[in-house]
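Read through the structure below, which is laid out as structure tokens, and then see the notes.
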Amino acid sequence: FLDGLGKLPSFIKETTEPITRAQFTAMIVDLAGVHRDESVPDFADVDSNHDYYTQIQQARAAGLVGGGDDNTFSPDMPIDFDAACKISTAVLGYDYFAGRNGGYPSGYIKAADEAKVMDGSMFRNGYLFAENAALIGYNLLHAKPFEWDKYDTHPILEGMMGLSGFEGVMEYASNESIAETPVAKDFISVDGFSYKLSDALSDLDLTSYIGTKVEYWVDDDSVVVGL
């Protein structure tokens, strides 16, 4: 899903090592579109030429991360469950909720449960690996930010990316079809409606989805960018 949106971090594909604090922070910042103009002090252990320096500074400016008593961030240490809950819910505005429910870490763990950002993810022996980091990213994009009136909130996919989500049975993809009338290459058919695929999705083999119910996201031009 993240790959189709062009939001899959390269380290998700490349690493077999536990995901680091810097990598996880960068993924959340990039997915949520965090951008703060104000400058904040550098962490003592995050040099300006670090691969994720910019995202870490953005996260600090947005209040997603903070330094220890010695102003360190430990960017290359593995991310742990408590920190992952904090970063992925703070970006959704759950700081108040977390504060009312015990603060760090218990309040943020409860916030993660409320927002469902950790659903299905698993830390193996205390470590987070690529496939589960990607699942948290998927959950984040579908999560609703915390606001007083929950019915007026929209997931990041809708509110920030301007995408529209639908569900239906895929009838056609990659020149294979269960529908009576196939559609053109680089298109899919869902419940009788034809949609063009984004460049990223058109390179994927989607035949396993034919005949199954799928969730898909389209942009303003009705191009499917997430599946």
Side-chain angles (χ1 to χ4, degrees), residues 1-13 19-40 43 46 50-66 73 75 79-99 104-105 107-121 128 130-150 152-165 198 200 215 217-220 225-227:
F1 184 84
L2 299 183
D3 201 10
L5 287 175
K7 294 285 187 177
L8 187 68
S10 59
F11 65 78
I12 294 291
K13 300 178 181 180
I19 300 303
T20 68
R21 289 169 55 84
Q23 289 171 330
F24 187 84
T25 300
M27 180 184 75
I28 298 300
V29 165
D30 289 342
L31 285 175
V34 175
H35 179 74
R36 295 291 187 275
D37 291 328
E38 63 267 29
S39 61
V40 292
F43 287 111
V46 182
H50 190 284
D51 287 346
Y52 303 109
Y53 171 81
T54 298
Q55 291 97 326
I56 291 169
Q57 290 300 101
Q58 290 287 332
R60 189 173 198 180
L64 309 185
V65 299
F73 179 65
I79 187 81
D80 62 26
F81 181 78
D82 294 347
C85 288
K86 200 275 185 183
I87 296 168
S88 57
T89 56
V91 77
L92 292 169
Y94 274 83
D95 284 324
Y96 176 82
F97 177 95
Y104 184 85
Y108 287 98
I109 293 172
K110 188 169 184 178
D113 183 62
E114 176 79 8
K116 303 186 185 306
V117 291
M118 306 299 283
D119 281 11
S121 66
L128 179 68
E131 66 275 13
N132 287 299
L135 181 56
I136 294 172
Y138 174 90
N139 291 340
L140 177 75
L141 291 180
H142 290 77
K144 291 185 177 181
F146 178 80
E147 292 183 13
W148 293 111
D149 184 353
K150 293 184 180 181
D152 286 341
T153 63
H154 299 281
I156 290 174
L157 284 168
E158 297 176 8
M160 295 179 62
M161 295 186 180
L163 305 180
S164 299
S198 67
E215 176 189 54
W217 294 81
V218 301
D219 62 17
D220 290 339
V225 297
L227 184 65

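Side-chain atoms are counted along with the backbone in the values below, which use heavy atoms only and exclude waters and symmetry mates. We count residues from 1, following the sequence as given.
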Val117 to Leu140 - nearest heavy-atom pair and separation: CG1-CA, 4.3 Å
Trace of the side chain to side chain contact (heavy atoms under 4.5 Å, CB included) decision for Met118 with Asn139: CA-CA 7 Å; Met118 306 299 283; Asn139 291 340; 5.8 Å; no
For the residue pair Gln55 and Val29, what are the closest heavy atoms and their distance? O-CG2, 3.6 Å
Under the side chain to side chain contact (heavy atoms under 4.5 Å, CB included) rule, what do Leu128 and Phe81 come out as? Steps first, then yes or no, please. CA-CA 8 Å; Leu128 179 68; Phe81 181 78; over 6 Å; no
Note: Ala90 and Asp95 closest approach over all heavy atoms is CB-OD1, 3.6 Å
Run the side chain to side chain contact (heavy atoms under 4.5 Å, CB included) test on Tyr52 and Thr20 for me, step by step, so that the C-alpha distance in whole Å, both residues' side-chain angles and the decisive distance to 0.1 Å come before the verdict. CA-CA 11 Å; Tyr52 303 109; Thr20 68; 5.5 Å; no
Taking all non-hydrogen atoms of both residues, which atom of Ser88 and which atom of Ile136 are closest, and how far apart? CB-CG2, 4.5 Å
Please report the shortest heavy-atom distance between Met27 and Ala133, naming the atom on each side. CE-O, 3.3 Å
Check: Lys86 side chain, Leu64 main-chain N or O, donor-acceptor pair, under 3.5 Å: yes
Is there side-chain contact between Asp51 and Phe11, with at least one heavy-atom pair below 4.5 Å? no
Note: Ala143 and Leu92 closest approach over all heavy atoms is CB-CD1, 3.7 Å
In the structure I gave you, are the side-chain heavy atoms of Thr89 and Phe97 within less than 4.5 Å of one another anywhere? no
Rounded to the nearest 0.5 Å, what separation is found between the CZ atom of Arg60 and the OG atom of Ser39? 11.5 Å
In the structure I gave you, are the side-chain heavy atoms of Asp30 and Pro9 within less than 4.5 Å of one another anywhere? no
Return the CD to OG1 distance between Gln57 and Thr25, rounded to the nearest 0.5 Å. 11.5 Å
With Tyr94, which of Tyr104, Phe146, Tyr108 fulfils ring pair (Phe, Tyr, Trp, His ring centres under 6.0 Å)? Phe146
Any non-hydrogen side-chain atom of Ile87 less than 4.5 Å from a side-chain atom of Phe24? yes
How many angstroms lie between atom CZ of Phe43 and atom NE2 of His50, to the nearest 0.5 angstrom? 11.5 Å
